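The next block holds one structure in the form of C-alpha cells; read it before the comments.
On a predicted model such as this, the values are computed, not experimentally measured, just so you know. Lettering of chains follows the sequences in order, A, B, ..., and the numbering in each one begins at 1.
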Number of protein chains: 2
Amino acid sequence: MSRLDRSLISGLPLFQGIAPADLDVIMQQARSLRIPKGDAIFEQEEEAHSFFLLLDGYARVVKHTPDGQQVIVRYISAGELMGIAQALGRKTYPANAIAVVDCVVLAWPGQLWSEFAARFPSFGAGTYNTVGARLNDAQTRFVEMSTEQVEQRVANTVLRLANQTGKKTEDGLLIDFPISRQDIAEMTGTTLHTVSRLLTAWEERGLVKSGRQRVTVVEPHRLMLLAEGRVEKS
Amino acid sequence: MSRLDRSLISGLPLFQGIAPADLDVIMQQARSLRIPKGDAIFEQEEEAHSFFLLLDGYARVVKHTPDGQQVIVRYISAGELMGIAQALGRKTYPANAIAVVDCVVLAWPGQLWSEFAARFPSFGAGTYNTVGARLNDAQTRFVEMSTEQVEQRVANTVLRLANQTGKKTEDGLLIDFPISRQDIAEMTGTTLHTVSRLLTAWEERGLVKSGRQRVTVVEPHRLMLLAEGRVEKS
DNA sequence: CGGTCTCTTTGCTGCCTAGCAACTTGCACG
DNA sequence: CGTGCAAGTTGCTAGGCAGCAAAGAGACCG
C-alpha cells in the first residue's frame with residue numbers, strides 16, 4: 001500500500017473546515033484500494049465492515065431482485081462517499097457497488113464513522129446532506145416511474161447522467177464512462193430494445209449521438225423539452 | 001395550547017435513554033397542533049421552519065408533479081418523525097404532508113434539531129435510522145416499479161400498509177385509515193380502475209375484503225405469494 | 001487479419017393496462 | 001328520509017412497450 005497523503009482529500013467539500021493535522025489522522029486510518037473494472041467494491045447483504053470514498057473512477061450501485069433481475073440505483077462519481085450503512089444504523093449493505101471503470105477507493109473500518117462524525121461535525125453534516133440528496137433522488141425517480149412513460153424516463157435519466165458526469169466534446173456532453181443500452185434500461189425500468197429504438201430516433205432528430213457503450217447529448221435543451229413531455233414523441 | 005407532558009413521548013423508541021428532566025426540556029419547546037382530516041401539516045417547497053412528531057393519527061406524504069399529477073410517497077403512523085428536512089441539510093420540505101384522519105402533532109422550530117441531536121445522541125441516531133429505513137424503502141419501491149407488473153405492485157403495497165397499520169378484525173388485517181382505490185393507485189403508479197378490478201378479483205378468491213375507503217387482508221400468505229409472482233395472476 | 005464475442009439494431013406479434021364512458025352504490029347532509 | 005355527490009364497478013377499445021428472433025457492427029485476441 002502506498003503512503004496516503006491528505007492532499008488526496010483536502011480539496012473535497014466533505015472535508016472542508018477540518019484542520020490539516022486532523023486530515024492526516026483520518027488518512028492514517030484509511031486503506032487505499034484499486035478496484036479493476038467490473039469488480040465489486042461491496043456486495044448486497046454483506047456485513048457492512050467499512051465505508052468508502054471513491055477517489056477516482058465511477059461506480060454503479062445495483063440492487064438484485066429475488067428472481068434474478070437487476071436494477072441500477074445510481075452511479076457514484078469520484079469524491080462521493082459510498083457504503084455508509086453505519087451512518088444509517090444498518091448492519092449490511094443494501095446494494096452491490098461495482099466498478100464501472102478501474103477505480104481507486106479509500107476504505108475505513110465502519111466503526112470509525114461515528115468517531116469521525118463526532119470529532120468533525122462538518123463531516124457528519126456533509127454525509128447527511130449526501131444522504132438527503134440521495135433520498136430525494138430516489139423519490140424523484142419513483143415519481144418519474146409512476147407518472148411518466150418510457151421515453152420521458154429515458155430522456156430524464158440520460159440528462160441526469162450527462163449533467164453528473166458529462167465531458168464537453170465537440171459534439172456535446174459525453175457521458176464519461178462506458179454505458180450500454182442494457183444499463184440505461186436497468187435504470188429506467190425498460191428493455192434494451194426500447195432504449196435502442198429511442199436513441200436511434202433521437203439521433204435521427206439530432207438530439208444525441210451514440211455508439212457502442214457511449215452516449216453524447218447534442219441538444220440538452222430539446223431533450224429536456226422531450227423529458228418534460230411538452231413535445232411530440234419519437 | 002394544553003400543557004405538554006413528557007409522558008406523551010417517553011414511551012417512544014426515539015426518546016429511549018433520555019433522562020426525564022431532559023424530556024421535560026424537549027417538551028417545553030414543543031408546540032402541539034391538532035390537524036383536521038384533510039389539512040396539510042407542511043407543504044412542498046415551503047421553507048422548512050419546523051420538524052414534527054406525529055402523536056396521533058396518520059399522515060400521507062405526497063409529491064406533486066409539474067403537470068398536476070400526484071404520487072403518494074408514504075404513510076406516516078403515530079410515533080414517527082416527519083418533516084426532518086433540517087437533519088438532511090435541506091432548506092425546504094420535499095413533499096406535502098396531509099392528515100388522513102384528525103391528527104395531533106408536536107412541532108419544534110427547525111434549528112432545534114441539531115441542538116437535540118448534539119445533546120441526545122440516541123435521538124440523532126434514531127432519526128438517522130428512520131432516514132435509512134425510508135431511503136431503503138424508497139429504493140425498494142423503485143425496484144418494484146422497475147421490475148414488477150401492476151398486480152404484484154398493488155399486492156406488495158397493500159401488504160405493506162396492512163403490516164404497518166393493520167388492525168386485527170374477525171375478517172383479517174384491516175388497514176387502519178380510510179384509503180380509496182385512487183390512493184392505492186397513486187402509490188403504485190396505476191389507475192383507480194385497475195386497482196378496483198384487482199381488488200374485486202382478489203375478493204372473489206377470498207384474499208381480501210374491501211369496501212368504500214376500506215381494505216382488509218384476509219389471507220396475507222396467499223397475497224404474498226401473489227406479490228412475489230409465484231402464482232397465477234387474477 | 002480472421003474469428004469470436006458482446007453490444008446493438010430492427011421487424012413482428014401480442015399482451016397488459018391506461019383511458020373513456022356509463023352505471024351503481026353508499027355515505028353525508030339538510 | 002330523500003337528494004346529491006363522491007367512491008367504486010365494469011365493459012370496451014386502443015396503444016405502448018415487452019418479448020422473441022435474427023441479423024449487423026464493433027472490439028478484442030491470438
- In degrees rounded to 10°, what angle is found between the helical axes fit to the five outermost pairs at each end of the helix from C/dC1-D/dG30 to C/dG30-D/dC1?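 The helix from C/dC1-D/dG30 to C/dG30-D/dC1 shows an end-to-end axis angle of 50°.
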I want to check one thing: is the phosphate of [N], taken as OP1 and OP2, less than 4.0 Å away from some side-chain N or O of [X]?
X        : N      : result
A/Ser196 : C/dT9  : yes
A/Thr194 : D/dA18 : yes
A/Thr190 : D/dC17 : no
A/Ser180 : C/dC7  : no

- Task: Look at all strands and tell whether A/Thr200 reaches a base, only sugar-phosphate, or nothing, counting heavy atoms closer than 4.0 Å.
- Result: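 It contacts sugar-phosphate atoms only.
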Between atom [atom1] in [X] and atom [atom2] in [N], what is the gap in whole Å?
X        : N      : atom1 : atom2 : answer
B/Gln213 : D/dA6  : CD    : C1'   : 9 Å
A/Ile179 : C/dC7  : CD1   : P     : 13 Å
A/Leu199 : D/dA25 : CG    : P     : 18 Å
A/Arg214 : D/dG26 : CZ    : P     : 10 Å
B/Arg181 : D/dT10 : CZ    : P     : 11 Å
A/Gln152 : D/dC17 : CD    : C1'   : 14 Å
B/Glu204 : D/dT9  : CD    : P     : 11 Å
A/Ile184 : C/dC7  : CD1   : C1'   : 13 Å

- Would you call B/Arg197 and B/Glu151 a salt bridge, using N to O less than 4.0 angstrom?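 Answer for the salt bridge query: no.
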- Message: Do the side chains of A/Lys37 and A/Asp102 get close enough for a salt bridge, i.e. N-O under 4.0 angstrom?
- Response: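 The answer is no: the pair does not qualify as a salt bridge.
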- Candidate list A/Thr157, A/Val158, A/Asn163, test side chain to side chain contact (heavy atoms under 4.5 Å, CB included), partner A/Leu161, passing option: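 Exactly one candidate clears the test, A/Thr157.
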- Message: Using only atom types and a distance under 3.5 Å, with no angle test, would you say the side chain of A/Asn156 pairs donor to acceptor with the backbone of A/Gln152?
- Response: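 Such a contact is found between A/Asn156 side chain and A/Gln152 backbone.
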- Query: Would a distance-only check, ignoring hydrogens and angles, find a side-chain to backbone donor-acceptor pair under 3.5 Å from A/Thr194 to A/Thr190?
  - Reply: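 Not a single qualifying donor-acceptor pair exists.
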- Message: Under 3.5 Å, is there a donor on one side chain and an acceptor on the other for B/Arg181 and B/Ser210?
- Response: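 Their side chains do contain a donor-acceptor pair, which is all the 3.5 Å distance test asks for.
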- Could you tell me which residues satisfy side chain to side chain donor-acceptor pair (under 3.5 Å) with B/Glu43, sequence neighbours excluded, listed by chain and number?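 Here no residue qualifies.
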- Query: How would you list, by chain and number, every residue that makes a side chain to side chain donor-acceptor pair (under 3.5 Å) with B/Thr169, sequence neighbours excluded?
  - Reply: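 Residues passing side chain to side chain donor-acceptor pair (under 3.5 Å) with B/Thr169: none at all.
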In chain order, what residues pass the salt bridge (Lys or Arg N to Asp or Glu O under 4.0 Å) check against [X], with sequence neighbours excluded?
X        : answer
B/Asp171 : B/Lys209
B/Arg153 : none
A/Arg134 : A/Glu80
B/Asp137 : B/Arg74

So which protein nitrogen or oxygen atoms get under 3.5 Å of nucleotides 12-14 of chain D's nitrogens or oxygens?
none

- Item | Results of ring-ring contact (aromatic ring centres under 6.0 Å, His included) for B/Phe42 - residues two or more places apart only |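 Residues passing ring-ring contact (aromatic ring centres under 6.0 Å, His included) with B/Phe42: B/Phe52, B/Tyr93.
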- Item | ring-ring contact (aromatic ring centres under 6.0 Å, His included) against B/Phe177, all qualifying residues, sequence neighbours excluded |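 ring-ring contact (aromatic ring centres under 6.0 Å, His included) list for B/Phe177, sorted by chain: B/Tyr58, B/Tyr75.
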- Message: Let's see if you get this right: which residues in residues 57-67 of chain A place a heavy atom under 4.0 Å from DNA chain D?
- Response: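 Result for residues 57-67 of chain A: none.
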Expected rows: protein N/O vs nucleotides 1-5 of chain C N/O, under 3.5 Å:
none

- Within the modelled atom types, does a donor on one side and an acceptor on the other bring the side chain of B/His193 and the base of C/dT17 under 3.5 Å apart?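 Side chain to base: no pair present.
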- Item | Which residue lies more 5' along DNA chain C, comparing B/Arg153 with A/Leu192 via nearest heavy atoms |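 In this pair, the answer is A/Leu192.
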- Task: Check the surroundings of atom CD in A/Gln164: do more than 12 heavy atoms from other residues, nucleotides or ligands lie under 6.0 Å from it?
- Result: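 For A/Gln164, atom CD is crowded (more than 12 foreign heavy atoms under 6.0 Å).
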